[in-house]
Amino acid sequence: MLHAVILIPFLLAVLIPLVKRIPHLHAGWAVLPVPTLLFAYFLMKVPDIQAGEPTVATVSWMPSLGMDITLVLDGLSLVFALLITGMGALVVLYSIYYLDKRMESIRNFYMYLLMFMGAMLGVVLSDNLMVLYGFWELTSITSFLLIAFWHRRERSRYGALKSMLITVFGGLAMFAGFNLLYVMSGTYSIREIIVQAGQLSAEPMFLPAMLLILLGAFTKSAQFPFHIWLPDAMEAPTPVSAYLHSATMVKAGLYLVARLTPVFAGNLEWFWLVSLVGLVTLLYGSFKAIKQTDLKAMLAFSTVSQLGLIMCLLGLGSAAAFFSGTEESVFYSMATAAAVFHLINHAVFKGTLFMVVGIVDHETNTRDLRKLGGLMSLMPVTFSVALIGAFSMAGLPPFSGFLSKEMFFTAVMDIRQLDIWSTQSWLVLIPVIAWIASVFTFVYSMILVFKTFTGKLQPEKLDKVPHEAPRGLLFSPVLLVSLAVFFAFFPDLLSSSLIEPAVASIQYGLLPPEKSLHVPIHFWHGWTPEIFMTLGVIAAGMLLYRGYGRLRILDREWSGRDSLNRMYDLGLRALEGGSARITNLYMTGSNRNYLLYIFGFFIIALGSTLLGAQGITLGMKDYAPISIYEVAVVAVMLVAAIAVLFAKSRVNAILFTGAVGYMVTLLFVIFRAPDLALTQMIVETVSVILFLLCFKYLPKLKQEKEKEKASFKWLNLILAAGVGLTMTLVALAAMGSSPFAPISEFFLNESYSLAGGKNVVNVILVDFRGFDTLFEIMVLGVASLGIYGLVNLRMEPGAIQVKKSKPAAYWFPLRSNDVILRTMSKGIVLIILTFSLYLFFAGHNHPGGGFIGALMTSAGLILMAISLGIEPVRKFLPVNYRILTAVGLLIAILTAAGSFAFGAPFLSHSFGHFDLPLLGDTELATAVLFDLGVYLAVVGVTMNIIFTIGGDE
Amino acid sequence: MEWMMAVAVGILFTVGVYLILSKTLLRIVLGTSLLTHGVHLLLLTMAGLKKGAAPVLGNEAEAYADPLPQALILTSIVISFGVTAFFFVLAYRAYQAHGTDDMDSVREEEQ
């Protein structure tokens, strides 16, 4: 069931595009049931968790690596799961009224949101660290997508990239930390690692692992100095800010710290790092928040500060580990309880405030404090909600934020009693800093609500006349804020159902076993120091709030680029510039340079290996005798090849290359390869025609200006000679030794008995290695389509259109005027076509086959086109050659797949002998059918290429 | 024979690589063509030359030439035909678009 919980959001995300088919439905309504039902599911789990029975579900994933997807729902996970699903439901509901359903990308929005929800549930439920890491990064990616939701805005893209870079950087560090943990403990399971926690702390890699993991947690939870991504993430739509960037995703770091507390707590470094980073973040965030004039930026810094507060509490709570199993551990665990309580409260009041800011933005089109004011009378409900939310954030009674703030004060006061390192005098600073930060918190909370809603309305600065928000938009914030009131009056309900189980799982094994944890939360403790601290906060805060106006911060243009952000920007630019410079050093865009690298490497790597391995053994084998004819053929071939280098015109170069090809054909004959000779001959002919066709269009004899410098030529020559020499060495080495028996004996022995064919080459092509052939004709098809696309691609910028049908009076460009050729060719073409059919059918037992037959057919058709023009060929064979290619491919694939019908593997062939009328005993093989596919595909490809090029004016 | 073929293969490669390294599109395409010939002959030479009859059974020969390199080469010939044709059309279109077949000029125009 737990696995389904994670899967359901992903499944729905896949289905969301289908909502398009339902008219007038806001995609949000289709999404809403998922988080609602999941929330209900998790609520029903509360009694089990309260009774101390975590839900565990395991699915085997990679058992060989000891990787299982084990999901555990315990007290801590439950709090987060309820936050994720509960806030998720409210945010989706809110977004339905916030986002216009006509917006094209709205389905993307919900897809990302659902994916995030699933990933985040995965983070908090996974027991396996690797699985947790995967989901962790997935939340970063979905967050990236959501921040960049309005991707046309430059700021959105900037913010999205920034958040991604920072959180993924931390994520990778964390990944390394997880692997260190694995190396030390031999398991990725968090629960098993916790069991070994005692031995782990002695390992040398324990501290690095801790630091790396904390880096992940701090970046994700926007702790100082990694917080800089969170204010920029505010470019996301407000529902996203409310959901990801205040209630859930940014708390993943807190979750991780809490989850791994049983592993790391009891270490000095852990205690100080977590507490102090949290404390600094708390102070810094609250101070920065006061200076903001954008409401969302203010909330962002407020979130940074509050996350710091919770982080600090988790750190203080880890002090319990120093007193494992004693009364004192309970004493310090209260900080952890405060952390969990404040975590819930923060989601409640910050979610409310984000939604309120969204409403203000929606109704006034601005979030700038300098333009806002006096909205109270126009938007009374929104105002009331904002007031309660802000008071709860400021820690004022009678709202739930007050209770957790009091517990925070208790925790920072209590920590002074920690006397294990004789650092008490320094510990005094903690409550002082906490108190100052609380004053700042008070001030920005007041600014947020009173600067917006009281004072003078400035209608001239607003684009539109503000109204109270529609009910749908108000529903979620009102519900949330009533929770803030409800929790304040019935804190014990929350305490016993969620907080105590959560603390029990964070402080796992640290509490005395006989004593069950009890977290009492009361409004009134009597005249304790905490009350005086709160009163002091109010008094100082009031003063600061009054004086704040004189600081003229509101008059100042918000420049917003503090030094940390500048460092980030500069660092990023330096990295990008540096890598671009290094890349440009060798990626010059010149083809020749790349080839120089490739060939140079080739010579060095292969040549030196060959020489070094002494692989060249000469004269060890009986070489074949040489006859004078062979020498002549090779000599002609080489002369022709070298002549290409010195050819003064294109046509000559092409003809010399053709000559090389024909000499190779002769060599194939000499070397007993009739199939190759046939193929090479036809291919060479068709190629030469093709070359001439293409270069007919180039200016007649534009002097090929080889204006290259001598050094250029010499370098080329050296490199070319190096490659040639290396290849000669390769050839000699290959001949000199054959460490393995050749596998061709198998083909020769089994060709007839297994495949019923006597032409072994053809049998290999269509049967033994049929897969190669199948892919080969696919490659050919792709090449021919590419040629068709290239030729018909119009070069007008931006417009790609395929040419319309060609004019009827259209002649093949190479059409001959030779009367003799025209007369003769009619007969010759028929002979060639007949011969090609013979080649095709004979192929299985004699030289020939699909390839050769097809090439021969094409050659005949081309000859016809040359002598008569394209139109007669079109009339003679009214075929669309692209469709012919497709038909050929289809036949080949179907034949290959046909063997499935007989329960045989792909491309199994069968053959038999049949007594057919007229033909007598005939051997039929399914391989012939496959060869037919090859035949048709190759004819289609060749003719498509030739006609496409020939047909282009 | 094998010796001669090994040298011939080397020369074909030399010419092919030299052509590929030049600046003219046509020479580059022709270079790939010559390179392909070199590869085919190399494959054939590696298997040993003239070691028997053509690999068509039933010729009542004692030995047959190795059919496997032949099958490989057959595939390669047809593929290289497709590739060469594609190269050519690419060169031809590049010439149409840029009015030159000099690689450096094409690159300058692209930038």
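Below, chain A is the first sequence line, B the second, and so on; all start at residue 1. Only this structure's heavy atoms are used, side chains among them; waters, hydrogens and symmetry mates stay out. Bear in mind that the values here come from a model prediction, so they are computed numbers and not experimental data.
- Applying the side chain to side chain contact (heavy atoms under 4.5 Å, CB included) test between B/Ile77 and each of A/Leu855, A/Val683, A/Asp675 identifies A/Val683 as the sole match.
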Margin query: Using side-chain contact (heavy atoms from CB on, under 4.5 Å), reason through B/Leu26 and A/Ile654 one step at a time and then give a plain yes or no.
Written below: CA-CA 9 Å; B/Leu26 176 70; A/Ile654 291 168; 4.3 Å; yes
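- Comparing B/Val78, B/Thr45, B/Leu68 by how many heavy-atom pairs each has under 4.5 Å with chain A, the most go to B/Val78.
- How far CD1 of A/Ile764 is from CG of B/Leu72: 8.0 Å, rounded to the nearest 0.5 Å.
- A donor-acceptor pair is defined here as one N or O able to donate and one able to accept, closer than 3.5 Å; no such pair exists between the side chain of B/Gln70 and the backbone of A/Val760.
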Next item on the list: List the steps, then state whether side-chain contact (heavy atoms from CB on, under 4.5 Å) holds for B/Leu44 with A/Phe668.
Entry: CA-CA 9 Å; B/Leu44 211 54; A/Phe668 285 153; 3.6 Å; yes
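- Per-residue counts of heavy-atom pairs under 4.5 Å with chain A were compared for B/Ala8, B/Gly82, B/Gly10; the largest is that of B/Gly10.
- Both the backbone and the side chain of B/Ile73 come within contact range of chain A, with heavy atoms under 4.5 Å apart.
- Heavy atoms closer than 4.5 Å to chain A are found in both the backbone and the side chain of B/Ile20.
- Residue A/Met727 holds its CE atom at 11.0 Å from CG of B/Leu41, rounded to the nearest 0.5 Å.
- Proximity to chain A is limited to the side chain of B/Ser33, based on heavy atoms less than 4.5 angstrom apart.
- Of the two parts of A/Leu748, the backbone and the side chain both hold a non-hydrogen atom closer than 4.5 Å to a non-hydrogen atom of chain B.
- To the nearest 0.5 angstrom, A/Ile642 atom CD1 is 12.5 Å from B/Tyr18 atom OH.
- Here the shortest heavy-atom pairing between A/Ala731 and B/Leu42 reads CB-CD1, 3.3 Å.
- In this structure, chain B has heavy atoms under 4.5 Å from both the backbone and the side chain of A/Val631.
- Counting heavy-atom pairs under 4.5 Å between each of A/Val779, A/Ile945, A/Leu717, A/Leu725 and chain B puts A/Leu717 at the top.
- Looking at every heavy atom in both residues, A/Val761 comes nearest to B/Pro67 through CG2-O, 4.0 Å.
- Between the CG atom in A/Leu676 and the OG atom in B/Ser76 there is a gap of 10.0 Å [rounded to 0.5 Å].
- Contact annotation: the side chain of A/Phe656 never approaches that of B/Leu30 to less than 4.5 Å [non-hydrogen atoms, C-beta and beyond].
- Annotation: maximal heavy-atom pairing with chain A below 4.5 Å, among B/Thr84, B/Leu90, B/Leu43, occurs at B/Leu90.
- Of all non-hydrogen atoms in B/Ala6 and A/Leu732, the two that sit nearest each other are CB-CD2, 3.9 Å.
- Rounded to the nearest 0.5 angstrom, A/Arg769 CZ and B/Thr75 OG1 are separated by 9.0 Å.
- Interface remark: A/Ile787 contributes backbone and side-chain atoms alike to the contact with chain B (heavy atom separation under 4.5 Å).
- Closest heavy-atom contact between B/Leu21 and A/Arg592: O-CD, 3.1 Å.
- No option in B/Leu34, B/Val15, B/Thr14 other than B/Val15 meets the side chain to side chain contact (heavy atoms under 4.5 Å, CB included) test with A/Leu645.
- With a 4.5 angstrom heavy-atom cutoff, B/Leu74 touches chain A via backbone and side-chain atoms both.
- In this structure, B/His37 and A/Met637 have side chains that are not in contact, with every pair of non-hydrogen atoms separated by 4.5 Å or more.
- Summarising the local packing, CZ of B/Phe86 is surrounded by more than 12 heavy atoms from other residues, nucleotides or ligands at distances under 6.0 Å.
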Notebook entry, point to check: Stepwise, does the side-chain contact (heavy atoms from CB on, under 4.5 Å) test hold for B/Phe81 with A/Val938?
Noted result: CA-CA 11 Å; B/Phe81 167 67; A/Val938 173; over 6 Å; no
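- When heavy atoms are compared at a cutoff of 4.5 Å, B/Ile28 does not approach chain A at all.
- For B/Ile79, the parts sitting under 4.5 Å from any heavy atom of chain A are the backbone and the side chain alike.
- Contacts with chain B were tallied for A/Ser784, A/Gly722, A/Ala721; A/Ala721 has the most, counting heavy-atom pairs under 4.5 Å.
- For the options A/Ala783, A/Ala673, A/Pro674, heavy-atom pairs under 4.5 Å to chain B are most numerous at A/Ala673.
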